[in-house]
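This one's a predicted model, so the numbers in the text were calculated from it and none came from an experiment. Remember, it's 1-based here, ligands and their atoms both numbered in the order they're listed.
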Amino acid sequence: MAKTIQAIRGMNDCLPTQSPVWQKVENCLKNVVASYGYNEIRTPIVEMTHLFSRAIGEVTDVVEKEMYTFDDRNGDSLTLRPEGTAGCVRAGIENGLLYNQEQRLWYTGPMFRHERPQKGRYRQFHQFGVEVFGLATPDTDAEVIMLSSKFWRDLGVEKHVRLEINSIGSSEERQEYRTALVAFLEQHVDVLDEDCKRRMHTNPLRVLDSKNPEVQAILKDAPRLSEYLNEESKQHFSQVCELLDAAGIEYTVNERLVRGLDYYNRTVFEWITESLGAQGTVCAGGRYDGLVEQLGGKATPGFGFGLGIERLVLMLETLELNDVRRSVDVYVVTAGEGTTMAGMKLAEQLRDQLPSIRVMNHLGGGNFKKQFKRADKVGAAVALVLGENEVQDNTVVLKDLVGGEQSTHSQDDIIAKLSDVLSV
Ligand code: ATP
Ligand code: MG
């Protein structure tokens, strides 16, 4: 026998048993963004490598060690997208969608990062994201955060996520803060681990979100970013907070929330759940007013987030909120001369007239016993049975697969009967 070939580590199949909960999540997310009037944008999965290094920042985890980068046959360096914002901005600039315009966009699809695979962390994973362009005012920040909180309400997980927000000011404000922070960290190098020591020189703000408890302990006395914000940035942040308060959205201000990608400014936020262990951030984003210009467009403010679909699916599974609609409502069982075609015709009629129900025909022959077994296996609620007699009399037997009762109906009445039984 030939040797089997396996999937790439950290890249998962979504099997037929798992796809219903994925669809439930994706449909919910799409309905929410549609209800806010946002439009979908689809961009390629592969982009020029320097798009990401320029957008995300050379000294970030993503660019330094996580990207899937390769040379194509022309010798161009290409990268499988590790996130969605850079591609959106690139497409927006290239197609003239951004400057002096307003865009409220969403996207979804696979992202790729070469990380150590573990629960909630994969090498191919899926994000759902929102990007708003051309709006610099705090109402935008608040709307996008409100929109994300509507996801949790609609999925019934609002009690299991909490919101953290912060303002990281402008790059000038951060520059000043950076100097003060590095001076502070230099006095505590003995406590810093290797990772923090490295970050202290390349990207010192990232030391703030170190997971090392000893580092966290000394950071209690570190200079605070909020003290380096100017009046405008402070105003912006307090207005975002006021709007969230008015909308009844609870949050905590986490002064150490800085985010891992370089392009953010002012408002940043994360939705965190305790139900997934270490990989608890399900949705994260913020403002990125400098990114469009940084990628060669005319200055255009932006605000957005990325949500990890795997983590949301895991969360629903952990909380046992992953019940989904059955995939088959009606199973059509036939036996006898001429009944196969009659069954297929009846099924087609049902699909035309009751478009919301799911009708599966038995295929592959066999006796009634075998066919009912299949009906149970696929989880159908009712079976419709057609034998030679029924075909002759233009009737059909309806069998309730849960309760077990059965009754005979004229084929003309079966639509009405089914919509009653299935409440559609
Ligand atoms: P983390 O701190 O968990 O590494 P991140 O800051 O790198 O996350 P972002 O770049 O902000 O993540 O991506 C937005 C969201 O995408 C995350 O909050 C998370 O839900 C999801 N995500 C990021 N990386 C992965 C991954 N490797 N596997 C699964 N989901 C991921
Ligand atoms: Mg990461």
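- The closest approach between a heavy atom of E83 and any atom of ligand 1 is not below 4.0 Å.
- Looking at E310 next to ligand 1, no N or O pair under 3.5 Å apart turns up.
- Residue Q279 places no heavy atom under 4.0 Å from ligand 1.
- The backbone of V282, and not its side chain, has at least one atom closer than 4.0 Å to an atom of ligand 1 (non-hydrogen atoms only; backbone = N, CA, C, O).
- Within the 4.0 Å cut-off (strictly below), a protein heavy atom is located near atom 27 (N) of ligand 1.
- Ring planes of F128 and W106: parallel class, angle under 30° (limits at 30 and 60°).
- Residue E270 places every heavy atom at 4.0 Å or more from ligand 1.
- Ion pairing between a basic and an acidic side chain is recognised when a charged N comes within 4.0 Å of a carboxylate O; R113 and E83 show no such pairing.
- Among residues two or more places apart in sequence or in another chain, the side chain to side chain contact (heavy atoms under 4.5 Å, CB included) test is passed with K211 by none.
- With Q124, R259, R116 as candidates, the residue nearest to atom 9 (P) of ligand 1 on a non-hydrogen basis is R259.
- Atoms of ligand 1 lying under 4.0 Å from at least one heavy atom of Q127, given by number and element, are 13 (O), 14 (C), 15 (C), 16 (O).
- Proximity annotation for atom 18 (O) of ligand 1: of V62, T281, T60, T281 comes nearest, heavy atoms only.
- For the pair R199 and D61, the salt-bridge criterion is met [side-chain N within less than 4.0 Å of a carboxylate O].
- In this structure, D193 contributes its side chain and D195 its backbone to a donor-acceptor pair below 3.5 Å.
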